[in-house]
Amino acid sequence: MSAVQDPNYGRYVLPRKERYSSFQARYREIHEEKKKEREEYLSSKKKLLSIRKEKRKEGMGYLASRNFVLPSLLNLTQKHKAKIDEIKGESKENRMVVFPFRLFYKPISYNGSHLLKPQGKSIVVGLVLLAIFVFSFYMCDPASAVFNPDQIGAIFSQLFGPQGGMSSIHTWADWWAYMGNTAVPLIWETFMMMFVATVIGCLLSIPFMILCSTNIIKNKVVTGTNHVLLNIIRTFPTVVLAIIGVAFFGISNLAGIFAMVVFTAGIMIKIMFEFIETVDMNPYEASVSTGASKPQAFVVSIVPQIIPAFLSNALYTFEINIRASVVLGFVGAGGIGIEISNSIGEYKYNQVGAILVPLFILVVVLQLISNTLKKRTM
């Protein structure tokens, strides 16, 4: 029986300096292979488009000439994609010879065979995450924490029902009246604020999620600039956005809407551009190859793939906004948060409880609606 040799085994066990030299040399070779494959693809595509143009000159109609070259274009595109995937696989294997990728493989020799045995990525990643968690937990200084379960119980006992002391709610009738006359109208006001903010934020995110998608926009300057802008937007916490909104629009609901529009846009752009980068590009490339403009190809081939995810994520963001809107009131940006802030500041916990009950019901209803719409669109 002849010995089996893994192609990467010899490079994997080389000394560090030689291993890195081997990695760099192979990296350059792979880069050239990818460049050559791209040039051959574009050249073949250009020839097919020339054939289509000649057919048009001979009197063939637009659709007939397009359908004449379409099978060849699709076949060319599929072969190009398969070759690119093969090159990516070779690039991945090449990376395995350098640290930290070496953690995922172990060289073994058995019965004259020299192989690289996978160590299990999940085990390595799990150990790294465990080490980070232990270090982070230690840095949080848990020894200085004081746990007071009696205080937690005392607060919860005051949330739901009448309360003495500084509270103006002394009977169950007062508690229900406060819920109906104060809490519910404020929650409805918050609901309308967040609905407007979510719709505007989702609409504003559409052009930016496209500009961030590297499979649609090939200009690295454009995508890189938009990625930087997205990271800047997502750096600002909701409270900071609310403070900026108050500075712009004063203490009003418009300040809260401004904050949540920016917050919504940041979430939607991040989620959706990553989703767009995973869609099947073959229909898009085929549409462009047959003469469609890039916007037309995007609408015809990409939009149908992303609409269900867009609606699902928009609903999910709306749910997040309802819960996040509570903190807006702490800085005077409108909504139910102002009342919660005032009630907590005055130790009127039963008023907080009267607000939490309808707020909980609203969140559950939104979740049920979201689940129903997801089933219909996905």
Validation row, ring centre Phe249 to ring centre Phe258 under 6.0 Å: yes

So for atom OH, which belongs to Tyr62, do other residues, nucleotides or ligands contribute more than 12 heavy atoms lying within a distance under 6.0 Å? yes

Are the side chain of Thr264 and the backbone N or O of Val261 linked by a donor-acceptor pair below 3.5 Å? no

Please name the pair of heavy atoms, one in Asn94 and one in Val97, separated by the smallest distance, quoted to 0.1 Å. O-CG2, 3.1 Å

Take a 6.0 Å sphere around OH of Tyr41 and say whether it holds more than 12 heavy atoms from other residues, nucleotides or ligands. yes

Separation of Ile30 CD1 from Glu93 CD (nearest 0.5 Å): 8.5 Å

Between the CD atom in Gln296 and the OG atom in Ser301, the distance rounded to the nearest 0.5 Å is 11.0 Å

Which atom of Arg56 lies closest to which atom of Gly61, heavy atoms considered: CD-O, 3.7 Å

About how many Å separate CG of Asn226 and SG of Cys212, when rounded to the nearest 0.5 Å? 4.5 Å

Between Glu90 and Arg26, is there a side-chain N and carboxylate O pair less than 4.0 Å apart? yes

Listing, residues 271-279 side-chain donor-acceptor contacts under 3.5 Å, not counting sequence neighbours, or none:
{"unit_1": "Glu274", "atom_1": "OE2", "unit_2": "Lys270", "atom_2": "NZ", "d": "2.9"}
{"unit_1": "Glu277", "atom_1": "OE2", "unit_2": "Thr214", "atom_2": "N", "d": "3.0"}
{"unit_1": "Glu277", "atom_1": "OE2", "unit_2": "Thr214", "atom_2": "OG1", "d": "2.8"}
{"unit_1": "Thr278", "atom_1": "OG1", "unit_2": "Phe275", "atom_2": "O", "d": "2.6"}

Gap separating the CE atom of Met194 from the CD1 atom of Ile187, nearest 0.5 angstrom: 13.0 Å

How long is the gap from CE on Met60 to CG on Asn67, to the nearest 0.5 Å? 10.0 Å

Could you tell me if the side chain of Asn282 sits less than 4.5 Å from the side chain of Leu74, heavy atoms only? no

Quick check: do Lys83 and Lys79 have side-chain heavy atoms less than 4.5 Å from each other? no

Joint cluster assignment, Ile84 & Leu76, ILVMFWY side-chain distance < 4.5 Å: no

